[in-house]
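Count residues from 1 along the sequence.
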Amino acid sequence: MIEFLLNGQIEKVDQFDPNLSILEWLRTKMRLTGTKEGCASGDCGACTIITGTADQDGNTHYDAINSCITLLGSLHGKELITVEAFQQKPRHPVQQGMMEKHGAQCGFCTPGIVMSLTALHANRKNSTVSRHQILEALSGNLCRCTGYRPIIKAGQDAMVKEWTPNTEHPAAGMAPGSSESALSRIHQNNITIEAAGGSRYDAPVCLDDLRSLRRAYPDSRLVAGSTDLALEITQQLSSLDHLVSVERVPEMKGCALEGDELVIGAATTYQAFRETLCELWPAFDAMLERLGSLQIRNRGTLGGNIANASPIGDMPPPLIALNTILVLDGPDGQRSMPIEDFFLGYKETALKSGEFLHSVRIPAPKTNETLHIYKISKRLDDDISAVLGAFRLTITDGVISDCRLAFGGMAATPARALQTENALKGQLWNENNVAAAINVLGSDFSPLSDVRASASYRLQVAGNLLRRAWLSSDSLPREQLTVTDYA
């Protein structure tokens, strides 16, 4: 049985299909139809809800997430807030702003927009929220009526206002200083759900229990944020027989410096590790802001992005460029390997039966090292890469003493451009040598054409990204080139 708070009331659910999404459960089982289905793939934001998770100090952090691709089992021990929680007065400042600034047009996307801005309001510090933060919060909410300007204005007005609901309000827990006692009463033991049809959902709470499950059920599917796995259910109409969640395993969560390495647990979400990683390697910041939407980054995990083994995953190329080490775990214990050896073929990895990705060890910068990351996609926000280039360069006295160049979208796996690296090593970091290295890229890659880009486009843009790294060099009196700003 799973337990969670639904709009302020404890909800207990048992004997449910592990493939059931929160959205489907809300609309079909609970008849809470304010949450809409637009795409069922985590792209449009009409299904946005808010989940609250208590930390060790008893404080609750609120996240806007896509309910269409989040599985019901993930709610155990959390708070779930839907738009229905805001029917009572006093109105939330976001609601008031949307009405006063005419932020709603057809209205279909409005509940999701309200939830995204409400989560931002709940997490704001010192009542200070920038326009950029509002745009980021709305990056996963599509308004087909093109009403963004009044929506943004509504958000700006709401963020400077306080909200103090009465204690009987369904969303009273979001008010500053509210009690978290209801969440603390929910048990934190292992969960096993077995549906009538035979499908199963396990959520262990320690590493040893996860290892035992993988030993007994090596063919089970691991799930963390489900931002990709759930698409098999919603888009391919598959039914997954046995899911094992790693979301509640503390040994696989967290982000901390250990010596000269940053260690990130595989079950750590993008939002949870972003600040620490970007302090170490600032080049990640602009790319992570474009990795999905905020709703996706609140749920998606580093381990999921790597183990999914997609050739267009955003994190593997820069991690390959940095010579990152993966820690694999399983019934027989742990082993380590460089990330570039992990990808064996399209959607094929070096994981053995029963193994899983435990953590990621990223080296800290050394003297004269720089990292450049460039993502090319058709849309600025919430889009999949056509090509992603990541270049780690060590330049001493104007000479490239070492480099690692990695690309996504250029082959069946994320991969290094080894011959291009050799063409650069030992050479002066100048325009002529960069141009010569670009000509070698065709020896490293023979990209495919697909719906995102043609082979010739990919090859040309990959070279252009390397040229951009040179143009963005600190040795030139120019501003760094970027395409990651909002109009």
Going by an N to O cut-off under 4.0 Å, is there a salt bridge joining E247 and K78?
yes
Just jot down the side chain to side chain donor-acceptor pair (under 3.5 Å) partners of Y217, sequence neighbours excluded, or say none.
R200
Please name the pair of heavy atoms, one in I384 and one in K375, separated by the smallest distance, quoted to 0.1 Å.
C-CE, 4.4 Å
Using the test side chain to side chain donor-acceptor pair (under 3.5 Å), find all partners of R404 that sit at least two apart in sequence or belong to another chain.
E340
Taking distance alone, no hydrogens or angles, what donor-acceptor pairs closer than 3.5 Å link side-chain atoms of residues 271-278 to residues at least two apart or in another chain?
residue: R274; atom: NE; partner: D285; partner atom: OD1; Å: 3.1
residue: R274; atom: NH1; partner: E136; partner atom: OE2; Å: 2.9
residue: R274; atom: NH2; partner: D285; partner atom: OD1; Å: 3.1
residue: R274; atom: NH2; partner: E289; partner atom: OE1; Å: 3.3

Ignoring hydrogens and angles, tell me if any N or O in the side chain of R416 forms a donor-acceptor pair with the backbone of L418 under 3.5 Å.
no
Counting N and O atoms only, with roles assigned by atom type, does the side chain of D444 sit under 3.5 Å from a partner on the main chain of T420, one being a donor and the other an acceptor?
yes
Just do the salt bridge (Lys or Arg N to Asp or Glu O under 4.0 Å) check on D402 and R392 with the steps written out, would you?
CA-CA 8 Å; D402 192 21; R392 183 192 63 97; 3.0 Å; yes
Identify the two heavy atoms, one from P18 and one from A195, that lie closest to each other, and give their separation to 0.1 Å.
CD-CB, 4.1 Å
Sorted by chain and number, sequence neighbours left out, salt bridge (charged side-chain N to carboxylate O under 4.0 Å, His left out) with E24 holds for none
Name the orientation class of the two ring planes belonging to F407 and F445 (parallel below 30°, tilted from 30 to 60°, perpendicular beyond 60°).
perpendicular
Strictly distance-based, threshold 3.5 Å: is any side-chain N or O of H372 a donor or acceptor partner for the main-chain N or O of F391?
no
Between E355 and the options R335, R211, Q334, the side chain to side chain donor-acceptor pair (under 3.5 Å) test singles out R335
By side chain to side chain donor-acceptor pair (under 3.5 Å), which residues pair with E232, not counting sequence neighbours?
R221
Please check if the side chain of S220 supplies one atom and the backbone of L243 the other of a donor-acceptor pair under 3.5 Å.
no
From CA spacing to verdict: salt bridge (Lys or Arg N to Asp or Glu O under 4.0 Å), R458, D450:
CA-CA 10 Å; R458 283 190 160 104; D450 59 20; 3.1 Å; yes
Distance-minimising heavy-atom pair for S385 and R452:
O-CD, 3.7 Å
Reported CE-to-CG distance for the pair M30 and L80, which is rounded to 0.5 angstrom:
9.5 Å
If we check side chain to side chain donor-acceptor pair (under 3.5 Å) with Q295, which of these qualifies: D63, N141, T70, D43?
N141
With a sphere of 6.0 Å drawn around CD of Q15, does it hold more than 12 non-hydrogen atoms of other residues, nucleotides or ligands?
yes
Counterpart residues, ring pair (Phe, Tyr, Trp, His ring centres under 6.0 Å), relative to H61 (two or more places apart)
none
